[in-house]
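Positions are given from 1, in the same order as the sequence printed here.
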Amino acid sequence: MPLNRRTVLLGLAAVGGVSAVNVGAFLGAGGWFTPDTLTTSRFVDRFEQVFGKHDGFRRNHAKGVSAAGVFTSNGAGTALSRAALFQRGTTPVTARFSISGGMPTVADANSTVRGLAVLFHLPDGAQWRTAMVNVPVFTDRVPQGFYERLLATQPVPGTGKPDPAKVAAFLAKYPETARAMAVISKTPPSSGLYNSPFHGLNAFRFTNSAGDTVPVRWTMMPEEPSQPMGAGAAPGKDYLFDALVAKVMQGPVRWRFLITVGEPGDPTNDATTAWPANRRQVEVGTLTIDSLQTEAPGNARDVNFDPTVLPDGIALSDDPLLAARSAVYAQSYQRRTREPHRPSEVQVGQQPSGPRITKVDHEQ
């Protein structure tokens, strides 16, 4: 199905967007907005249809907490990209941990996709924004597939589970999703947000100071051992966030920033397909998260983690999800900034090693 007909706009595992005007101009120039095209509004409406409308909250990854820290570059990334981020030194970051879905008060579940979104504050006001998830591949190759999957996998009354017939029909139409789900099932989630790997599933292009360009993907690998969830008593409603807060109270949490370099033939337009495991990886530095904050004006609550906001030295690939993510994030952002913000019911009480911290989960 051609990408300029009935394809468009996905709201992935994180949040964000640039201005609606810029997004509209970008997608319109590419032929996205035609009379027979799924619009950004219809796509965001689908999130509200599936999860309900929650004023002031993100339409996807509604439940989350703001974070702050630094990225420390070791200088190795300069061989791949001329972006200022990779010069040896430190860069402040605004970040957000989240779980997928549009319900801000949903109970944590180990199987729910987790997100880590990061805004790197570069010199001279430049920014790099990335939204990552803990699964190794994405479930959808094209925006239309994501849109249809939302409805196909919606729990039905009575069972609380998706309709098997609808799921089967969807997977028959989008076999790449079935293959991706098989890959994801072989990678069990870790016991917490603080020891989850986070993958930037889309391909991008890095260009260094010599003008050499290579396709890349990236991963944040936790320094904390990524152990599976252990057996025991039933966890609390907010156990993933509770454990993250307790961990950060004890001290900074760190991830190694790994860049994977693609080779000719590696797909750059299909996030459902992993690159071969033997591809070269370059460790370019360390992301350190040293504080968490209630989501409020001035922190990650109001950040659009649009993955197309890139500094010089990093460019988009031909992945159709990138423009779609940008457009949906923008539409979600436009809606939530016109709505009243309110705190969620999820709070973190007194921790043994630190003061009371309240998590507030907002829409974007």
Evaluation steps, side-chain contact (heavy atoms from CB on, under 4.5 Å), between Val106 and Thr112: CA-CA 11 Å; Val106 68; Thr112 304; over 6 Å; no
Run Ile289 and Phe97 through side-chain contact (heavy atoms from CB on, under 4.5 Å) and show every step you take. CA-CA 11 Å; Ile289 298 298; Phe97 294 91; 4.1 Å; yes
Take Gln49 and Leu150 through the test side-chain contact (heavy atoms from CB on, under 4.5 Å) and record every step on the way to the result. CA-CA 9 Å; Gln49 175 188 1; Leu150 282 174; over 6 Å; no
Give the C-alpha distance, both sets of side-chain angles, the deciding distance and a yes or no for side chain to side chain donor-acceptor pair (under 3.5 Å) between Thr213 and Thr207. CA-CA 4 Å; Thr213 298; Thr207 301; 2.7 Å; yes
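For the atom pair OG1 (Thr260) and CG (Asp266), the distance works out to 10.0 Å, reported to the nearest 0.5 Å. Interatomic distance, NZ of Lys247 versus OH of Tyr194, reported as 5.5 Å (0.5 Å rounding). From Met220, atom CE reaches atom CG of Asn134 across 14.5 Å, with rounding to the nearest 0.5 Å. Rounding to the nearest 0.5 Å places CG of Asp45 at 7.5 Å from CD of Gln331.
A donor atom on one side chain and an acceptor atom on the other are found under 3.5 Å apart for Arg149 and Thr139. Remark: the Trp218 side chain and the Thr130 side chain contain an N/O donor-acceptor pair separated by less than 3.5 Å. Asp306 and Thr308 are linked by a side-chain donor-acceptor pair at a separation below 3.5 angstrom, with hydrogens and angles left out of the test.
By the side-chain contact (heavy atoms from CB on, under 4.5 Å) test, Thr90 pairs with Thr72, sequence neighbours left out.
We find that Arg114 and Asp108 are not joined by a salt bridge, their nearest charged nitrogen and carboxylate oxygen being 4.0 Å or further apart.
Ring pair Phe86/Phe206 is tilted by interplanar angle, where 30° to 60° counts as tilted.
Panel note: side chain Arg96, backbone Asn299; no donor-acceptor pair is recorded below 3.5 Å. Judged by distance alone, with hydrogens and angles left aside, the side-chain atoms of Asn60 form a donor-acceptor pair with the main-chain N or O of Gly101 at under 3.5 Å.
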